[in-house]
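Take a look at the structure below.
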Amino acid sequence: MKSRPIPIRDKEKKQGHTQVELQAEIRRRAYERYEQNGCTDGDELQGWLQAEAEVLELEHQRTA
């Protein structure tokens with residue numbers, strides 16, 4: 001019989017998110033920014049960098 005991992009609640013998760021989770025959140029946020037800007041091309045890098053800064057700042061606040 002295989003054992004299943006026990007889910008960790010966010011408030012018990014002291015180390016913050018994994019790299020994979022952070023990248024997924026940055027990708028999600030960057031796409032939200034893209035949609036908010038009318039799905040126009042040409043500003044992908046700036047949108048990604050802003051999304052990355054937002055997500056990492058929230059992660060820093062969460063784990064501090």
Side-chain angles (χ1 to χ4, degrees):
M1 185 168 152
K2 289 184 182 179
S3 64
R4 295 187 314 191
I6 298 170
I8 299 173
R9 294 185 188 136
D10 259 2
K11 56 184 161 184
E12 295 175 356
K13 194 175 178 182
K14 304 266 188 236
Q15 299 88 2
H17 293 92
T18 66
Q19 290 287 32
V20 171
E21 291 169 330
L22 286 174
Q23 285 203 344
E25 183 63 21
I26 293 167
R27 191 170 32 257
R28 184 192 63 74
R29 182 65 187 127
Y31 190 75
E32 282 178 356
R33 295 183 68 77
Y34 171 72
E35 289 182 317
Q36 289 170 352
N37 291 326
C39 298
T40 56
D41 292 336
D43 205 18
E44 295 87 1
L45 179 58
Q46 186 63 30
W48 181 272
L49 294 175
Q50 288 175 338
E52 184 178 51
E54 291 171 9
V55 169
L56 294 178
E57 176 63 27
L58 287 172
E59 180 69 4
H60 176 72
Q61 291 172 4
R62 188 178 161 282
T63 58

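Glu35 is linked by a side-chain contact (heavy atoms from CB on, under 4.5 Å) to Tyr31, Cys39, counting only residues two or more places apart in sequence or in another chain. Qualifying side-chain hydrogen bond (donor to acceptor under 3.5 Å, both in side chains) partners for Gln36, counting only residues two or more places apart in sequence or in other chains: none. With sequence neighbours excluded, the residues satisfying salt bridge (Lys or Arg N to Asp or Glu O under 4.0 Å) with Glu32 are Arg28, Arg29. Annotation: side-chain contact (heavy atoms from CB on, under 4.5 Å) contacts of Glu44 (sequence neighbours excluded): Asp41. Considering only residues two or more places apart in sequence or on other chains, Gln19 meets the side-chain hydrogen bond (donor to acceptor under 3.5 Å, both in side chains) condition with none of them.
Here CG of Leu56 is found 10.5 Å from CD of Glu25. Values are rounded to the nearest 0.5 Å.
Of the possible donor and acceptor atoms, none in the side chain of Gln46 sits under 3.5 Å from a partner among the backbone N and O of Asp43.
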Next item on the list: Could you walk me through whether Gln50 and Glu54 pass the side-chain hydrogen bond (donor to acceptor under 3.5 Å, both in side chains) test, one step at a time?
Entry: CA-CA 6 Å; Gln50 288 175 338; Glu54 291 171 9; over 6 Å; no
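The two residues Tyr34 and Thr40 come nearest to each other via the heavy atoms CE1-O, 3.5 Å. Residues Ala30 and Ala51 share a closest heavy-atom pair of N-CB, 3.5 Å.
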